Amino acid sequence: MFDDQEFISDQNQFELKENVESIKLIKSKERVQNHGEVFTPKWMVQKMLAEPAIQVKLQDLHATFLEPSAGEGAFLVEILHQKLNYVDQTASKTNWPKQALWALMSIYGIELLQDNLIKARTAMMEVVINHYQAVMQKKLTSSTDFYKAVKFVIHTNIVQGNTLEYTNKEGQLIEFSHWWPVEGKVQREVFTYKSLFNNSDVDDVGAADGQLSLFDESLSEENNEYVLCEVTKVYEEERKNDEK
């Protein structure tokens, strides 16, 4: 997963590439019958995202999007691409990595099938690297904080799970992280997908606060277990209990 050599090019000049649409909308009759799997074509994704109200959100780095049946990431990729287009137009080169990470942190997805999950994550990584190299006109290497942070956020925000049962393949409740901007840094707060719909379970993270929405603007101290950190350092996952 995420073979560094797959993304890092030897070319001297970099151009922003258009996302390539997968031709097949159905992989097999069995997958349709067993999982109801039918992929959304790119033209339909773009038409749905062209709604004025959605376009406003796409130009808000902190406006969150959740795809509960991500497939190979058609919606996730296009949302990320359009958000990064906005960052390309508005951010300086110095500020671009942080703004790009905020855009990435606002996008969430759940996918049941592991092969689709891998393709969705990989496609999102390709979009970020493509935009980075087109803006910066230099290679993005895997040793940079930005690369590590991007890879970590994608793995944290785009997860395997069954949206109807609120659980992953291990039978555990699906968990997400909300990334709050605090004094120019990021505060990570963990919550469960189920807490978005059901607040009656006392063992459910986020349930005690009442119905939790991805668009809430309040930060719960109870679930605030991670240290406030630089946006490009989120991959270090430093917890408060680990502080010296």
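Count residues from 1 along the sequence. This structure is a prediction, so every number in the text was calculated from the model and none was measured.
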Take the angle between the ring planes of Y108 and F176 and call it parallel below 30°, perpendicular above 60°, tilted in between. perpendicular

Return the orientation label for the W179 and F152 ring planes: parallel under 30°, perpendicular over 60°, tilted otherwise. perpendicular

Do the ring planes of H178 and W180 sit parallel (below 30°), tilted (30 to 60°) or perpendicular (above 60°)? parallel

Measure the spacing between CG of N130 and CG of L140 and express it to the nearest 0.5 Å. 11.0 Å

Looking at I174 and Q160, what are the two nearest heavy atoms and their distance? CG1-O, 4.4 Å

Measure the shortest side-chain to side-chain distance between H131 and H81 over non-hydrogen atoms and say whether it is less than 4.5 angstrom. yes

Find the distance between CG (L66) and CZ (F75) and round it off to the nearest 0.5 Å. 12.5 Å

Would you compute the distance between atom NZ of K57 and atom CD1 of I79 and round it to the nearest 0.5 angstrom? 13.0 Å

Can you tell me how far the CD1 atom of I154 sits from the CE atom of M125, to the nearest 0.5 Å? 5.5 Å

Could you report the tightest heavy-atom contact between K185 and W102, atom names first, then the distance? O-CZ2, 3.6 Å

Under the criterion side chain to side chain contact (heavy atoms under 4.5 Å, CB included), I'd like the reasoning laid out for L196 against F191: C-alpha separation, chi angles, the key distance, then a yes or no. CA-CA 9 Å; L196 298 174; F191 66 95; 4.1 Å; yes

Heavy-atom pair with the smallest gap, counting every atom of H62 and P181: CE1-CG, 3.8 Å

Apply side chain to side chain contact (heavy atoms under 4.5 Å, CB included) to Y226 and V186, showing your working. CA-CA 10 Å; Y226 287 92; V186 61; over 6 Å; no

Quick one: does S142's side chain get under 4.5 Å of K151's, heavy atoms only? no

Linked, directly or transitively: F197 and I110 (ILVMFWY side chains, under 4.5 Å): yes

I need the minimum non-hydrogen distance between P68 and T163, along with the two atoms involved. O-CG2, 2.6 Å

Is I54 linked to V56 within one hydrophobic cluster, defined over Ile, Leu, Val, Met, Phe, Trp and Tyr using a side-chain heavy-atom separation of less than 4.5 Å? no

Does any part of the side chain of V128, heavy atoms only, come nearer than 4.5 Å to the side chain of M124, both counted from C-beta? no

Between the side chains of K233 and E238, is the shortest nitrogen-to-carboxylate-oxygen separation below 4.0 Å, so that they form an ion pair? no

Ignoring hydrogens, what is the shortest heavy-atom contact between G109 and L76? Give both atom names and the distance. CA-CD2, 4.2 Å

Any Lys/Arg nitrogen of K98 or E230 sitting under 4.0 Å from an Asp/Glu carboxylate oxygen of the other? yes

Rounded distance [0.5 Å steps], NZ in K139 versus OG1 in T144: 13.5 Å

Would you say the side-chain atoms of D60 and Y86 include a donor-acceptor pair closer than 3.5 Å? no

Under the side chain to side chain contact (heavy atoms under 4.5 Å, CB included) rule, what do V234 and C229 come out as? Steps first, then yes or no, please. CA-CA 7 Å; V234 291; C229 70; 4.0 Å; yes

Step-by-step side chain to side chain contact (heavy atoms under 4.5 Å, CB included) determination, I107 to N157: CA-CA 7 Å; I107 303 171; N157 280 21; 5.5 Å; no

Is there a path of hydrophobic side-chain contacts, each under 4.5 Å between heavy atoms of I/L/V/M/F/W/Y residues, joining L164 to L112? no

Please determine, by modelled atom types, if T94 and S92 share a side-chain donor-acceptor pair under 3.5 angstrom. no

Give a yes-or-no answer on whether the side chains of E78 and Q82 include a donor-acceptor pair shorter than 3.5 Å. yes

Can you confirm whether Y147 sits close enough to T141 that some side-chain heavy atom of one is under 4.5 Å from a side-chain heavy atom of the other? no

Give, for atom CG of D145 and atom OH of Y235, the distance between the pair rounded to the nearest 0.5 Å. 3.5 Å

Is any side-chain heavy atom of W96 closer than 4.5 Å to a side-chain heavy atom of D88? yes

More than 12 heavy atoms of other residues, nucleotides or ligands under 6.0 Å from CD of E183: yes or no? no

